[in-house]
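All figures in this text were calculated on a predicted structure; none of them were measured in a lab.
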Amino acid sequence: MTLLRRLIFAVVPALLLGMAFTWFSREKPAEEIATPAGSGRVALWQITDKGGTVRGYLFGTVHALPPKTQWLRPAITDALTKSDRLVLEIAEPIDQTTAGEALAELAGTEGLPPPSERIGPKLRGDLIKVYKKLGLTDADFADTESWAVALQLAAIAGQKAGSDPESGSEPALRRLAEGKPVAGFETLQSQFAVFDALPPQEQKVLLQEVTIEAASNGDEEAQMIAMWLRGDDLGIAREANEGFLADPGLHTALLTNRNRMWADQLDAMLKGGAKPFVAVGAAHLAGSDSLQRLMMARGWQIKRVP
C-alpha cells in the first residue's frame, strides 16, 4: 500500500490538502466507483461499558472521496443521532488559508538543499517527471522541509486531478451533526508538528513515496475505496502495516503514539458521562495498535455494528 492510499485512511484529515492527493493518476471518472444508495457497509463499532450500556461509537473515515460515492447507511446516521457530540481528529473546519498559514509556521528551514538532492539518485528522474506534470520545479520548494514538500506535492497533484475535499466523510458528518458540539483530539498545528518532528530519514521516506506514487500511472485507489465501503477492516489493517508504515519510526509517530493520546482523551470523555460519535481515519481503527484495542485495554467493550 503506497503512502498516498495509506494517507487516505490514516494520517492527516483535511489540512492544506483536503486529502485531495489520493487521486493522482486516476483515469476512471468518479461515478465508476460510486455505489448505489444504501449498499455500503462501512465499518462502525459501538463502545459499551461493563454493564452492556452503549456509551459511544467509533467510525473510520476516508478523508476525501470521489463525488457521488454513497457510503452512509442507517446504522451510521442512527448512531450519530443517539450521540451527544461528534469527535473528529480536528474540531474546526479547515480551509486552505488557515492550513497554509499553519504549514508555513513549521515547514521552513534556511539552507536546505533542493528536494531533488534529498532523495535517492534513482528517484530523481521520477521527481522531475512529477514536477513537469504539475508545472513545478525545485525552486517552488526552496528552504521547505521534506515532509512539507511531500504533503504539498500530493495536495497539488490531487487538486489538479479534480478531487474535492468536500466529498470526504467529515464534511458529511458535520452536516448530519448540526446542532451537536464538535470536539477534536488534535489541532491543525499539532498534526503538522507530528510531521515536523520526524527525523530526516523518515521525512525522506515520505518524500520518496510521494514521488513514486505521483510519477506512476497506476489506478488502485478505487480498490481501496471499495475495501472501505464493504467494511473490510482486516484488509485495511493489513495495508496499514505495510509500505512506509512498516518503518517503525513512522508507524509509531503517525499511528501508535497518536492512538494512545486519543485513547486517553476518549477514556476521560466517556468517564465524564459523554456519549460521543468518534470519526477518525480508518487506519486508526485497524491493527494491533488500533483505537479499539487501546480502549479495550482501558476496560471498555467494543462491538462491531452490523
Under the side-chain hydrogen bond (donor to acceptor under 3.5 Å, both in side chains) test, residues paired with Asp78 that sit two or more places apart: Lys82

Does Leu136 share a hydrophobic cluster with Leu123, counting links as ILVMFWY side-chain heavy atoms below 4.5 Å and allowing steps through other members? yes

Hey, quick one: are Ile47 and Met269 part of the same hydrophobic cluster, counting side-chain heavy atoms closer than 4.5 Å, chains of contacts allowed? yes

Any side-chain donor near an acceptor of the partner, Asp289 and Thr256, under 3.5 Å: yes

Mind checking salt bridge (Lys or Arg N to Asp or Glu O under 4.0 Å) for Asp126 and listing every partner two or more places apart, or none if nothing turns up? none

Using a 4.5 Å cut-off on heavy atoms from C-beta on, say whether the side chain of Leu188 contacts that of Glu92. no

Mind checking side-chain hydrogen bond (donor to acceptor under 3.5 Å, both in side chains) for Ser83 and listing every partner two or more places apart, or none if nothing turns up? none

Could you check whether any side-chain N or O of Gln208 sits under 3.5 Å from a backbone N or O of Ile119, counting only pairs where one atom can act as donor and the other as acceptor? no

Please assess Tyr131 against Asp138 for the test side chain to side chain donor-acceptor pair (under 3.5 Å), listing each intermediate value before the final yes or no. CA-CA 8 Å; Tyr131 281 161; Asp138 268 339; 2.7 Å; yes

side-chain hydrogen bond (donor to acceptor under 3.5 Å, both in side chains) pairs touching residues 290-306, sequence neighbours excluded, are Asp233-Arg304, Asp264-Arg298, Asp267-Trp300, Ser290-Gln292

Can you name the ring pair (Phe, Tyr, Trp, His ring centres under 6.0 Å) partners of Tyr57, sequence neighbours left out? none

For the pair Arg124 and Glu117, find out whether any cationic side-chain nitrogen is under 4.0 Å from an anionic carboxylate oxygen. no

Ignoring hydrogens and geometry, is there a side-chain-to-backbone donor-acceptor pair from Lys180 to Thr81 under 3.5 Å? yes

Could you walk me through whether Gln189 and Glu105 satisfy the side chain to side chain donor-acceptor pair (under 3.5 Å) test, starting with their C-alpha distance in whole Å, then the side-chain angles of each, then the deciding distance to 0.1 Å, before giving a yes or no? CA-CA 9 Å; Gln189 290 75 13; Glu105 291 177 5; 5.1 Å; no

Given the side-chain rings of Phe59 and Trp45, with only the six-membered ring counted for Trp, is the space between their centroids under 6.0 Å? no

Going only through I, L, V, M, F, W and Y residues with side-chain contacts under 4.5 Å, is there a path from Leu58 to Met296? yes

If you look at every heavy atom in Ala148 and Ala107, which pair is closest and at what distance? CB-CB, 3.5 Å

Could you see if Leu294 belongs to whatever hydrophobic cluster contains Leu255? Use Ile, Leu, Val, Met, Phe, Trp, Tyr and a side-chain cutoff under 4.5 Å. no

Only counting residues at least two apart or in another chain, list the ones meeting side-chain hydrogen bond (donor to acceptor under 3.5 Å, both in side chains) with Thr48. none

